[in-house]
Amino acid sequence: MPTLPEPLPLDTRPAVTLTTPATATTQLKIAIVHEWLSTYAGSERVVEQMLQVYPQADVFVVVDFAEAKERTFLNGKKPTTTFIQRLPFARTKFRGYLLLMPLAMEQLDLSAYDLVLSSNHAVAKGVITGPDQLHVCYVHSPIRYAWDLQNQYLQEAGLARGLKSWLVRMGLHYLRNWDVRSANGVDAFIANSAFIARRTRKVWRREAEVIFPPVDVDRFPLRTDKEDFYLTASRMVPYKKVPLIIAAFARMPDKRLVVIGEGAEFDKAKAAATPNVTLLGYQSHAVLVDHMQRAKAFVFAAEEDFGITPVEAQACGTPVIAYGRGGSLETVRGSGDPALRTGLFFTEQTVESIVAAIGQFENAGADLYPPQRCRQHAEKFAPHVFREALRSSVERSWQAFRGAPPLQGE
C-alpha cells in the first residue's frame, strides 16, 4: 500500500484575529475541508488564512493528531474527523491508510453547508456535495505520486520492481480513477501556481484560477548587508537535490556554502561535503532567518509546485539561484528585464549547470540584485494579498453559482 510523504514541519506562531469585510459569503454556513492535521506546514498556512477570511467556518479532516503547539492557527476550533481517526496505529501510521481515505472523505456529512472550501493535495476535494452547495477547491497539487511523479515515487520508495511494486501500482491506478471522478464534484478550482494550473488541466481537464499561497514575509525581515557565503535550506529528501548542490560547491573550493536541514539524505549530503561546505542540520527559525539575511544568495535545486523558501529568502533581501522549472519560474524573477531581476535560473539539475550559474551570478555582481527589490517582490506573496484574492475569487464564484450579477467592484 502506498505511503504518503512526510510534510516539512514549520515553526508556529500565535493565532491572529482578522476583521473580515462583510460580503455575501461571510454570512454563509461554510465548511473547510483539509486532508489531515499532524503538524503546521505549508498547506496548513492556507487553511489558517481561509479561517481568517471565514472565521465562522467549521473544519473537517481525515485525522487530527496535531499537538497543542501545532494547532493555534485553528483558533480553538475542533475539527470533525473520519473513521480513520479510530483505526489501529492511526496516530503514527495514518498515511498507511491512503487507499481508505477516498472512502473516508465520502462519509463526511456536509449537507448543512452552503459553501465548501477544500484544501487539496491528496483527497480533500473528494467530499460529496449537493446541487445547491458551492464547492471551491484550492489545489496544492493533484496527487503527485499517482500522476506524473509516480515512477519517481516508486524509485525513491524502493518499489520499482517486484510483487509489492505491482500491488502499489494497482493502488495508485485506483487513486487516479477516483481522483478524476471526484474532480467532477468541484464547481471551481484555484491553483497555487500556474504550474499546478497546468497540471490540473492535464489530469482533470479543468481550468483553475491562480492564487499564490500565503508566505509570512513579516517573519523574514530585510537585511541589506550581505556576507560572503551561499545558503541552501530544506528537508533532505531526494527531489530537493541538496547533495547535488553540495557536489557543485565541491567543484568551487573558493566558494562557501552553508546547508540547513535534515532528512533521509543527510548522510549522503555529509559524505559529499568538502571543507568549504558547512552542514548545520535542523535549526530554529531564528537561526534560519539570520543565515537567510546574511547570505549573498540562496541556492534552490528542486522542481517545486510553488516553493515557499525562495520567497522567504527574497523577503530577507537575498537573491535566489534556482532550477528554472516548476514554481520557481513564478516566485523568482530570474530572467527578462535586468531591472526587475531577483535572481537567476540554471537549466539542468546537474553539477555543471549549478557551477555555471554561480559563475554567472558572481560575474554579474550584487548590484544587479538589490536587496530592496528582492524584498518588494516577496511582498506580493504576503498573507493579506492571499486573503483578499481568495475572498474575491470565492465571492465571484458564489455570485455566478447563484446566478446573481457580480458585486460592484468585482
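Numbers here are sequence positions counted from 1.
When all heavy atoms are compared, the tightest approach of G126 to S182 is CA-CB, 3.8 Å. The shortest non-hydrogen separation linking K202 to R205 is O-NH1, 3.0 Å. Taking both residues in full, the closest heavy atoms of T309 and F298 are given as CG2-CZ, 3.3 Å, listed atom of the first, atom of the second, then distance. A pairwise comparison of heavy atoms in L222 and P371 identifies CD1-O, 3.6 Å as the closest pair. Here the shortest heavy-atom pairing between V33 and L110 reads CG2-CD1, 3.9 Å. Summarising the geometry of F65 relative to A90, their closest heavy-atom pair is CE1-O, 3.4 Å, with the distance given to 0.1 Å.
One distance of note links NE2 of H140 with NE2 of H121; it measures 6.5 Å at 0.5 Å rounding. How far CG of D109 is from CD1 of I128: 10.0 Å, rounded to the nearest 0.5 Å. Going from atom CZ of R198 over to atom OG of S193 covers 7.5 Å, rounded to the nearest 0.5 Å. Between the CD1 atom of I211 and the CZ atom of F386 there is a distance of 6.5 Å, given to the nearest 0.5 Å. How far CG of L37 is from CD of Q85: 9.5 Å, rounded to the nearest 0.5 Å. Atom SG of C316 is separated from atom CD of Q293 by 5.0 Å, given to the nearest 0.5 angstrom.
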**Message:** Does R71 form a salt bridge (Lys or Arg N to Asp or Glu O under 4.0 Å) with E67? I'd like the steps, not just the answer.
**Reply:** CA-CA 7 Å; R71 59 191 306 113; E67 298 179 4; over 6 Å; no
**Prompt:** What's the verdict on side-chain contact (heavy atoms from CB on, under 4.5 Å) for S397 and L134, showing C-alpha distance, side-chain angles and the deciding distance?
**Reply:** CA-CA 8 Å; S397 292; L134 174 66; 4.1 Å; yes
**Request:** Using the side-chain contact (heavy atoms from CB on, under 4.5 Å) rule, take F220 and M292 through it: C-alpha gap first, then chi angles, then the decisive distance, then the call.
**Result:** CA-CA 8 Å; F220 296 83; M292 278 188 171; 3.9 Å; yes
**Asked** Yes or no on salt bridge (Lys or Arg N to Asp or Glu O under 4.0 Å) for D225 and R294, after CA distance, side-chain angles and deciding distance?
**Response** CA-CA 7 Å; D225 56 314; R294 293 187 291 116; over 6 Å; no
**Message:** Between R387 and Q49, does the side-chain hydrogen bond (donor to acceptor under 3.5 Å, both in side chains) criterion hold? Intermediate values first, please.
**Reply:** CA-CA 6 Å; R387 290 193 298 263; Q49 298 305 319; 2.8 Å; yes
**Request:** Could you go through the side-chain hydrogen bond (donor to acceptor under 3.5 Å, both in side chains) check for H34 and E44 one step at a time?
**Result:** CA-CA 8 Å; H34 187 49; E44 284 73 30; 2.8 Å; yes
**Intermediate values then yes/no, side-chain contact (heavy atoms from CB on, under 4.5 Å), I190 and V139** = CA-CA 6 Å; I190 301 171; V139 187; over 6 Å; no
**From CA spacing to verdict: salt bridge (Lys or Arg N to Asp or Glu O under 4.0 Å), D179, K125** = CA-CA 9 Å; D179 196 40; K125 77 178 191 314; 2.4 Å; yes
**Asked** So D216 and F381, side-chain contact (heavy atoms from CB on, under 4.5 Å) or not? Walk me through it.
**Response** CA-CA 8 Å; D216 195 350; F381 302 92; over 6 Å; no
**Asked** When you look at F89 and Y97, which way does the ring pair (Phe, Tyr, Trp, His ring centres under 6.0 Å) test go after all the steps?
**Response** CA-CA 10 Å; F89 311 110; Y97 291 115; 8.7 Å; no
**Prompt:** What's the verdict on salt bridge (Lys or Arg N to Asp or Glu O under 4.0 Å) for K255 and D228, showing C-alpha distance, side-chain angles and the deciding distance?
**Reply:** CA-CA 8 Å; K255 308 289 191 298; D228 191 21; over 6 Å; no
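Side chain of S119 to main chain of V47: no donor-acceptor pair is present (N/O by atom type, distance under 3.5 Å, no hydrogens or angles). Proximity of a side-chain donor or acceptor of S165 to a complementary backbone N or O of L159 within less than 3.5 Å is detected. Of the possible polar contacts, none joining the E209 side chain to the A191 backbone as a donor-acceptor pair under 3.5 Å is found. A distance-only check finds no donor-acceptor pair linking the side chain of E106 to the backbone of V127 [under 3.5 Å].
For Y323 and F300, the ring centers sit 6.0 Å or farther from each other. Side-chain rings of Y113 and F60 approach one another, their centers coming within less than 6.0 Å. The six-membered or imidazole ring of Y230 lies away from that of H291, with a centre-to-centre distance of 6.0 Å or more.
D290 is listed as a side-chain neighbour of R223, based on a closest heavy-atom distance under 4.5 Å. Inter-residue side-chain proximity for E304 and S328 is flagged as unmet; no heavy-atom pair is nearer than 4.5 Å. Side-chain atoms of F266 and L279, non-hydrogen and from C-beta on, do get closer than 4.5 Å to each other. Residues D58 and T80 fail the side-chain proximity criterion, which asks for heavy atoms closer than 4.5 Å. Two residues are said to be in side-chain contact when any heavy atoms from C-beta on lie closer than 4.5 Å; Y138 and L117 fail this criterion. Side chains of H377 and K380 form a contact here, defined as non-hydrogen atoms less than 4.5 Å apart. Looking at R144 and D305, their side chains come closer than 4.5 Å, going by heavy atoms from C-beta outward. You'll find the side chain of K29 stays beyond 4.5 Å of the side chain of Q56, heavy atoms only.
One side chain, Q150 or R176, offers a donor N or O that lies under 3.5 Å from an acceptor on the other. Between the side chains of S118 and N120, no donor-acceptor pair of N or O atoms lies under 3.5 Å.
Among pairs with a residue in residues 167-202, those fulfilling ring pair (Phe, Tyr, Trp, His ring centres under 6.0 Å) read F189-W204, at least two apart in sequence or across chains. Residues in residues 322-349 take part in these salt bridge (charged side-chain N to carboxylate O under 4.0 Å, His left out) pairs, two or more places apart or across chains: E303-R325.
Partners of L103 according to the side chain to side chain contact (heavy atoms under 4.5 Å, CB included) rule, which considers only residues two or more places apart in sequence or in another chain, are F83, Q107. A search for salt bridge (charged side-chain N to carboxylate O under 4.0 Å, His left out) contacts involving E362 returns K296, not counting sequence neighbours. Scored by the side chain to side chain donor-acceptor pair (under 3.5 Å) test, Q349 finds no partners at all (sequence neighbours excluded). The side chain to side chain contact (heavy atoms under 4.5 Å, CB included) test applied to A295 returns F229, L231, T318, not counting sequence neighbours.
Salt-bridge formation is not detected for the pair E312/R219: no Lys NZ or Arg NE/NH1/NH2 atom is positioned less than 4.0 Å from an Asp or Glu carboxylate oxygen. Using a cut-off of 4.0 Å between Lys/Arg side-chain N and Asp/Glu carboxylate O, R391 and E388 are scored as salt-bridged. Ion pairing between D64 and K78 fails under the 4.0 Å rule for side-chain N and carboxylate O.
For K77, the NZ atom sits in a packed shell: over 12 heavy atoms of surrounding residues, nucleotides or ligands are nearer than 6.0 Å.
Just one residue in the list D187, D114, L115 forms a side-chain contact (heavy atoms from CB on, under 4.5 Å) with F401, and that residue is D187.
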